[in-house]
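Just so it is clear, the model here is predicted, and its values are computed rather than measured. Residue numbers start from 1 in every chain, and the chains themselves are labelled A, B, ... in the order their sequence lines are given, proteins ahead of strands.
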Protein chains: 2
Amino acid sequence: MLYDRLMAVDRDHVLRSAAALLTRKSTATMDEVAKAAGISRATLHRHFAGRDALVRALEALGIEECETALDAARLDEGPAADAVERLVREIESAAGLLAFLYTENQLFEGEEQNQGWTRIDDRISALFRRGQLAGEFRIDLTPAWLTEALYGLLASGAWLVQSGKGAPRDFRPMVVGLLLGGALRHPAQPREES
Amino acid sequence: MLYDRLMAVDRDHVLRSAAALLTRKSTATMDEVAKAAGISRATLHRHFAGRDALVRALEALGIEECETALDAARLDEGPAADAVERLVREIESAAGLLAFLYTENQLFEGEEQNQGWTRIDDRISALFRRGQLAGEFRIDLTPAWLTEALYGLLASGAWLVQSGKGAPRDFRPMVVGLLLGGALRHPAQPREES
DNA sequence: CCCCAGTGAGACAATGGTGTCTCAAATGCT
DNA sequence: AGCATTTGAGACACCATTGTCTCACTGGGG
């Protein structure tokens, strides 16, 4: 039906507004979320049964955007380092949402997390492992740690930009530069830019 | 008076229990905090007027531990890279608390943050700047970003250990290894361990 | 032994967010 | 214009947490 289609675009718009707001203020109330999306609390409730449902929908959105980014980054092709750069490029627009979900997930002690995340973790871990096997990456840092560190750096980068202490255009070089190269100068190894 | 001294040690014990609990479950209720400390909610309220007061006390504790770690790490001495390693070593025990406060601070949009943090930020930034001026660190990553990244990696590392996906003994090499060296192999540059 | 500061347990109202409902107004299609 | 559907605004009860209070109890010091 026509209405369903309209609901669909509205729902997506609401979801993205909520993501943008909750990224900045993770404790925002349902009323604030509604206002931020330009709708009433009643309508918000018609889209999402409750706060839980909203957060889970945001989680699904984040997972979806991650999967899309992972696909677009073609992690299997070419040097692993370049794949990492592509990944950060593709995932940059979702970094704020990821930061929100990343910290949100720390709240639940035992609760098993959405299976989608483990799948994403696996794909990213596999990339780092591939880089290690190819001799590109050091082997004394586990893929699990590199994956976790990537999340942390994405969140830190998003916050730095959010707070105005860093320029948005520097986001990718910051994250990639540190994740791959670290803070030390490596005179013989200037990373070639694509 | 005697009671004051007793209260003091109790207060500190309560504070550290609260830190340990809130590190794992940042939404823990006052009742849970009290139970975790082995006291009643009434007594908890006698120590800290309310939740705000408790969090602010935790913030003060975190700042204090950071300052202590910064002092102990002697950031001005020797190569900056070694100073970073010392800093992570000294700050490791507070990493969980830091992670809690770090994410807690993201909640408040405009609210000016505790001045203690800017002071700590400045000291760490100064360390990275020193390393850059000495030619140790690359200059295309700003000290502000390196500082933020350090926080992010400390938090990520703490969570990785918390979740059991990483061994506690690996915490420092993980954080320092990635922050300084990055993921790439640098064949000619094996970092000498102290 | 008595005193008394400190504690724990519980009652209590106040608060703030949530979820549900109603109804009038607006919107869009025919 | 007429109709169906969706919306916004508000009212409402509900719930969890908080902050305050009382009161009985314990345990250590005089």
Undergrad: Scan the side chains in residues 127-137 of chain B for donor-acceptor partners under 3.5 Å anywhere in the protein, sequence neighbours excluded, and list what turns up.
TA:
residue : atom : partner : partner atom : Å
B:R130  : NE   : B:L75   : O            : 3.3
B:R130  : NH1  : B:G78   : O            : 3.0
B:R130  : NH2  : B:L75   : O            : 2.7
B:R130  : NH2  : B:G78   : O            : 3.0
B:Q132  : NE2  : B:R138  : O            : 2.9
B:Q132  : NE2  : B:L141  : O            : 2.7
B:E136  : OE1  : B:A80   : N            : 3.2
B:E136  : OE1  : B:A81   : N            : 3.2
B:E136  : OE2  : B:A80   : N            : 2.6

Undergrad: Under 4.0 Å from OP1 or OP2 of D:dG8: is there any side-chain N or O of A:T43 that close?
TA: yes
Undergrad: Produce the list of close N/O pairs, under 3.5 Å, pairing protein atoms with atoms of nucleotides 17-22 of chain C; give distances to one decimal.
TA:
residue : atom : partner : partner atom : Å
C:dT18  : OP1  : A:R51   : NE           : 3.0
C:dT18  : OP2  : A:T29   : OG1          : 2.5
C:dT18  : OP2  : A:M30   : N            : 3.0
C:dG19  : OP2  : A:R51   : N            : 3.3
C:dG19  : N7   : A:R41   : NH1          : 3.1
C:dG19  : O6   : A:R41   : NH2          : 3.0

Undergrad: Quick check for you: to the nearest 0.5 Å, what is the distance between A:L153 atom CG and A:L179 atom CG?
TA: 6.0 Å
Undergrad: For B:Y151, give me all partners under ring pair (Phe, Tyr, Trp, His ring centres under 6.0 Å), at least two apart in sequence or on another chain.
TA: B:Y102
Undergrad: Separation of B:L44 atom CG from C:dA9 atom C1', in whole Å?
TA: 15 Å
Undergrad: In whole angstrom, give the distance that lies between atom CZ of A:R11 and atom P of D:dT7.
TA: 14 Å
Undergrad: Please report the distance, rounded to the nearest Å, between CG in B:D10 and C1' in C:dA5.
TA: 13 Å
Undergrad: Holding to salt bridge (charged side-chain N to carboxylate O under 4.0 Å, His left out), I want the full list of residues that pass it with B:R74, two or more places apart in sequence or in another chain.
TA: B:E77
Undergrad: Five pairs per end, C1' atoms only: what is the angle between the end axes of the helix from C:dC1-D:dG30 to C:dT30-D:dA1, to 10 degrees?
TA: 20°
Undergrad: Going by ring pair (Phe, Tyr, Trp, His ring centres under 6.0 Å), name the residues that satisfy it together with A:F100, two or more places apart in sequence or in a different chain.
TA: none
Undergrad: Could you work out, with salt bridge (charged side-chain N to carboxylate O under 4.0 Å, His left out) as the rule, every residue matching A:R119, not counting sequence neighbours?
TA: A:E67
Undergrad: Which whole-number value in Å describes the distance from B:L54 CG to D:dG19 P?
TA: 10 Å
Undergrad: Tell me, which pairs form a ring-ring contact (aromatic ring centres under 6.0 Å, His included) where one or both residues lie in residues 58-88 of chain B, sequence neighbours left out?
TA: none
Undergrad: Check side chain to side chain donor-acceptor pair (under 3.5 Å) between B:E64 and all other residues, then give those that pass, not counting sequence neighbours.
TA: none
